Protein chains: 4
Amino acid sequence: MSKTSSAAPTRQRRKEARPQELLDAALALFVEKGFAATRSDEVAVRAGVSKGTLYLYYPSKEELLKAVIQQNYSGLIAEGAGIVDNFEGPTAELLAMLMRMWWTRVGSSPAGGIHKIMMAEVRNFPEIAQFYRDEVIQPSSELLIRTLRRGVERGEFRPLPYEEAMHALIAPLIFMSLHKNSFGACPLEGMDFDPDRVIEVHIELMLNGLLTKPAITAKTTTKAS
Amino acid sequence: MSKTSSAAPTRQRRKEARPQELLDAALALFVEKGFAATRSDEVAVRAGVSKGTLYLYYPSKEELLKAVIQQNYSGLIAEGAGIVDNFEGPTAELLAMLMRMWWTRVGSSPAGGIHKIMMAEVRNFPEIAQFYRDEVIQPSSELLIRTLRRGVERGEFRPLPYEEAMHALIAPLIFMSLHKNSFGACPLEGMDFDPDRVIEVHIELMLNGLLTKPAITAKTTTKAS
Amino acid sequence: MSKTSSAAPTRQRRKEARPQELLDAALALFVEKGFAATRSDEVAVRAGVSKGTLYLYYPSKEELLKAVIQQNYSGLIAEGAGIVDNFEGPTAELLAMLMRMWWTRVGSSPAGGIHKIMMAEVRNFPEIAQFYRDEVIQPSSELLIRTLRRGVERGEFRPLPYEEAMHALIAPLIFMSLHKNSFGACPLEGMDFDPDRVIEVHIELMLNGLLTKPAITAKTTTKAS
Amino acid sequence: MSKTSSAAPTRQRRKEARPQELLDAALALFVEKGFAATRSDEVAVRAGVSKGTLYLYYPSKEELLKAVIQQNYSGLIAEGAGIVDNFEGPTAELLAMLMRMWWTRVGSSPAGGIHKIMMAEVRNFPEIAQFYRDEVIQPSSELLIRTLRRGVERGEFRPLPYEEAMHALIAPLIFMSLHKNSFGACPLEGMDFDPDRVIEVHIELMLNGLLTKPAITAKTTTKAS
DNA sequence: AATGAATGAGATTTCATTCAT
DNA sequence: GATGAATGAAATCTCATTCAT
């Protein structure tokens with residue numbers, strides 16, 4: 001019926017490969033069912049090992065969660081920093097490139113599911129919350145803020161409160177990533193839009209706005225903060 | 001502001017108030033700790049009753065979750081529909097009004113936390129997923145799409161793929177709501193921006209874009225779908 | 001076949017009686033099989049409840065052990081102190097009375113088994129070790145030492161190092177108690193002496209010695225310390 | 001005194017030394033932590049081998065326990081028998097010599113810890129109980145009883161029930177040995193007596209009694225049984 | 001022979017749910 | 001109805017034992 005049907009489940013020694021296999025299995029299940037609702041031997045079975053083996057590599061389910069998060073984010077940010085520092089050309093292009101890159105590399109990959117786990121669990125794991133803020137949120141925020149500032153200083157972008165604009169910028173990316181791993185994974189009728197196109201439209205709108213002619217908005221006198 | 005402090009003599013716990021008290025307690029705890037990690041007698045204690053009493057009203061924790069979700073969304077949408085149908089004036093104003101309204105009435109109220117629960121649990125409760133799509137997502141999407149179409153048809157907005165634009169529009173609202181109930185509730189340093197202002201910046205940017213001068217974007221030749 | 005044969009194992013509410021029943025069951029099993037080798041649901045079953053109920057009263061097996069020890073020794077020593085303070089007559093009689101009393105009330109009762117548990121487990125539970133020393137060993141040692149000093153000071157006993165003599169005095173009592181709960185409980189042939197008579201012989205020998213005529217012993221010039 | 005420090009070049013672990021090293025490691029750990037609470041790879045690590053190697057020599061932890069006990073008692077008794085048979089002189093001296101010898105050779109050596117293990121585990125291992133009775137208790141009891149009888153028959157000792165007197169005689173020896181391996185190994189204040197001196201006082205008291213003048217005891221008309 | 005990665009039965013503990021009071 | 005003591009299925013984690021290398 002499937003791949004491992006006939007051969008006896010002979011015991012395998014794969015010390016090197018095991019951590020990665022376990023982390024992948026754990027990520028998939030934590031994203032699908034949530035951390036608390038995933039039983040530790042489900043993880044083991046999906047990774048093709050026994051319950052005991054899982055505990056040989058990670059001393060508790062909580063440590064496993066931490067390892068999943070760390071492994072997926074180590075050295076993800078550094079890459080983006082290099083791009084920002086070396087880019088020459090219109091800031092709009094740089095911004096669009098960063099956002100498309102994040103979407104390709106994180107948002108629509110398994111690692112994107114980590115956001116879902118984090119949203120659901122941060123309040124139960126303050127230690128992980130701090131780690132995630134320091135290693136992921138903070139550096140990537142800085143990257144985008146630096147880019148916005150570049151645009152404003154070069155006169156390409158209108159003046160803005162950077163922190164808030166940054167959040168408005170990334171919100172649809174993360175939202176789409178969350179969607180893919182929640183509603184998007186359910187067999188529901190009538191939810192058949194294409195996340196990739198949402199990202200493109202978002203980029204377009206962010207840069208150019210909805211209006212055919214710029215309006216003078218009274219309410220939000222936005223200044224670069 | 002205080003709930004029921006003055007009027008009720010608080011003599012005996014009123015039977016008819018129980019369901020609401022239980023649902024409120026459950027909502028708060030499910031949002032804070034997640035569904036699986038909330039113990040059913042925590043809910044009971046927070047509602048001021050005993051564990052047994054909880055089961056008198058809801059036959060299982062799962063049914064309680066369903067009731068929490070359903071109760072918080074009954075008749076939330078109808079209100080918006082009336083506004084859209086009767087509004088006269090620039091569509092940009094209508095759109096901004098709808099978004100601010102959602103933020104005030106839902107996003108920054110306890111009900112906003114339901115999104116967090118839904119994200120975390122839909123894949124475990126397909127039944128709820130369908131309900132939520134039918135009762136919440138579908139009608140509010142239609143409302144926004146109708147508004148966008150109004151803008152495009154009146155020549156106020158540039159042509160757009162409605163579905164995708166709609167998602168780009170609501171993403172920061174929902175994202176901020178999720179944030180308030182996850183990272184925003186953790187005592188982390190350096191995450192001290194104001195969600196309300198993010199909403200305002202988002203509205204501003206959505207309408208006018210980042211660029212000082214409109215660019216001709218080649219990549220996304222967005223047409224009204 | 002037995003007492004609870006026919007009646008359905010109907011759930012009983014016995015909040016008051018439960019702690020004692022659980023402690024008795026735990027004592028018996030810890031003495032018989034040792035602490036580590038006793039499974040917590042064995043304790044529950046012997047007390048006539050379910051595993052869950054045990055944890056309703058004691059939050060862990062270790063806490064259960066502590067409770068067993070404390071409950072069996074609270075106010076056991078005070079009694080002896082009263083006797084020593086009020087006794088008039090030959091110290092030999094007082095000493096014999098104390099020893100026989102201990103044997104009757106502790107050594108040959110279930111509580112005597114606690115010594116066996118303590119011997120086996122002290123090194124794993126330093127906290128309990130301290131408790132036992134403070135509550136049991138220290139006060140009862142003082143009692144015996146006071147008695148020995150009375151004998152020496154009244155010229156009834158030869159001079160002695162009190163601390164060491166005290167240990168020589170109680171050793172057979174405790175040893176017999178340990179024996180009853182270890183070898184004595186095994187179905188072995190040829191170990192059929194009577195512990196009660198050992199105690200009597202010990203008392204006799206302690207007071208009068210083995211020798212028909214007192215010897216002058218060079219080696220141990222024992223002085224009252 | 002040092003085991004094998006100078007002679008062996010310690011190049012490769014010698015195969016023939018393994019069993020002894022394993023038994024020593026097991027003895028030390030079983031005495032310290034108890035049988036059930038000692039993990040089998042703790043034993044292996046302490047013996048400087050891997051877990052797998054331990055199972056090459058002993059097929060189960062239970063067999064290891066048996067081996068520990070048996071190995072430590074082989075040919076311990078024979079020695080004593082020779083002494084008793086050949087001794088000439090006062091029986092009191094013989095008795096004192098036997099007791100001091102036991103204390104030196106067994107009680108205060110690692111082998112003394114076996115008593116602790118036996119006390120704790122006999123009821124779980126009936127097979128070992130029988131072995132211990134046959135190989136250790138029975139022969140050494142006989143030795144002491146023979147010595148007591150010699151004393152009584154030569155008119156040196158008062159008439160006694162031999163079996164019971166024998167137990168009264170050895171109790172402090174074993175009790176001190178147990179103490180060294182339980183409470184004595186805990187860092188408790190106020191338990192700082194010297195076991196060696198307890199033994200000496202015990203011998204002194206046993207021979208001469210506490211009383212300055214022999215009393216006529218009515219209660220225990222002890223006759224040689 | 002020696003190793004230590006892998007296993008899985010079994011232990012402790014939790015908690016949704018039931019039900020006697 | 002309301003309570004909370006009682007239950008037991010199920011979850012996490014341990015560790016004696018096995019076996020591929």
Side-chain angles (χ1 to χ4, degrees), chain A residues 9-18 36-45 47-64, chain B residues 12-13 15 18 35-45 48-64, chain C residues 9-18 36-45 47-64, chain D residues 12-13 15 18 35-45 48-64:
Chain A
T10 173
R11 217 197 280 227
Q12 296 267 330
R13 284 168 84 96
R14 324 190 62 228
K15 192 184 199 298
E16 304 307 319
R18 283 284 145 76
T38 298
R39 298 202 319 279
S40 53
D41 57 358
E42 286 181 288
V43 176
V45 166
V49 299
S50 73
K51 213 181 348 168
T53 301
L54 171 60
Y55 281 89
L56 220 52
Y57 289 88
Y58 301 98
S60 72
K61 208 171 90 164
E62 191 170 329
E63 286 301 319
L64 177 60
Chain B
Q12 294 297 100
R13 293 223 153 275
K15 253 192 309 199
R18 283 283 162 69
F35 174 70
T38 298
R39 297 207 316 279
S40 57
D41 63 355
E42 284 182 287
V43 175
V45 165
V49 299
S50 74
K51 219 182 337 175
T53 303
L54 172 59
Y55 279 84
L56 242 37
Y57 288 88
Y58 302 97
S60 74
K61 206 170 93 165
E62 194 170 324
E63 286 301 320
L64 177 60
Chain C
T10 173
R11 216 196 284 225
Q12 295 267 331
R13 284 168 84 96
R14 324 190 60 228
K15 192 184 200 300
E16 305 306 321
R18 283 283 144 78
T38 299
R39 298 202 318 279
S40 53
D41 59 357
E42 285 181 288
V43 176
V45 166
V49 300
S50 73
K51 217 179 346 169
T53 301
L54 171 58
Y55 281 87
L56 220 53
Y57 289 88
Y58 301 98
S60 71
K61 210 171 90 165
E62 190 170 330
E63 286 302 318
L64 176 60
Chain D
Q12 293 299 100
R13 292 223 154 276
K15 255 193 307 199
R18 281 284 160 70
F35 174 70
T38 299
R39 298 205 316 280
S40 56
D41 62 354
E42 284 181 288
V43 175
V45 166
V49 300
S50 74
K51 218 183 337 174
T53 303
L54 171 59
Y55 279 84
L56 240 39
Y57 289 87
Y58 302 97
S60 73
K61 206 170 91 165
E62 195 169 324
E63 288 301 320
L64 177 59

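Everything quoted here is computed from the prediction, not taken from an experiment. Residue numbers start from 1 in every chain, and the chains themselves are labelled A, B, ... in the order their sequence lines are given, proteins ahead of strands.
Nearest approach of C/K61 to C/T38, heavy atoms of both residues: NZ-O, 2.8 Å.
Secondary-structure stems of DNA chain E, taken as three or more successive Watson-Crick or G-U wobble pairs (i with j, i+1 with j-1) under a 3.5 Å distance threshold, comprise E:2-21 with F:2-21.
Put simply, CD on C/E16 is 12 Å from C1' on F/dA5, counting in whole angstrom units. What separates CZ of A/R13 from P of E/dT3 is a distance of 12 Å, to the nearest Å. Distance B/D41 CG to E/dT18 C1': 14 Å, rounded to the nearest Å. For C/Q12 and E/dT21, the CD to P distance is 7 Å, given to the nearest whole Å. Between B/K61 atom NZ and E/dT17 atom P there is a gap of 8 Å when expressed in whole angstrom units. Look at OH on B/Y58: it is 13 Å from P on F/dG1, rounded to the nearest Å. Distance CD (A/E63) to C1' (F/dT12): 14 Å, rounded to an integer number of Å.
Side-chain nitrogen and oxygen atoms of A/R11 include none within less than 4.0 Å of the OP1 or OP2 phosphate oxygen of F/dT21. The phosphate of F/dC15 (OP1 or OP2) has no side-chain N or O of D/S40 nearer than 4.0 angstrom.
With DNA chain F read from its 5' end, the first of the two nearest nucleotides for C/R14 and B/L56 is the one closest to B/L56. Of the two residues contacting DNA chain E, namely C/A36 and B/T38, the nearest-nucleotide position lying further toward the 5' end is that of C/A36.
In this model, no side-chain donor or acceptor of D/R39 finds a partner on the base of F/dT14 within 3.5 Å.
Within residues 48-55 of chain A, the residues approached by DNA chain E to less than 4.0 Å at the level of any non-hydrogen atom are A/V49, A/S50, A/K51, A/G52, A/T53, in residue-number order.
Put simply, the side chain of C/V43 does not reach to within 4.5 Å of the side chain of C/S40, judged on heavy atoms.
For C/R18, the listed nucleotide lying nearest its side chain is F/dA6; candidates were E/dA6, F/dA6, E/dA16.
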Practice prompt. Evaluate the criterion side-chain contact (heavy atoms from CB on, under 4.5 Å) for residue pair A/R18 and A/L56; output intermediate values, then yes/no.
Written response: CA-CA 10 Å; A/R18 283 284 145 76; A/L56 220 52; over 6 Å; no
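Note on C/Y57: only backbone sugar-phosphate atoms sit closer than 4.0 angstrom, heavy atoms only; bases stay farther off.
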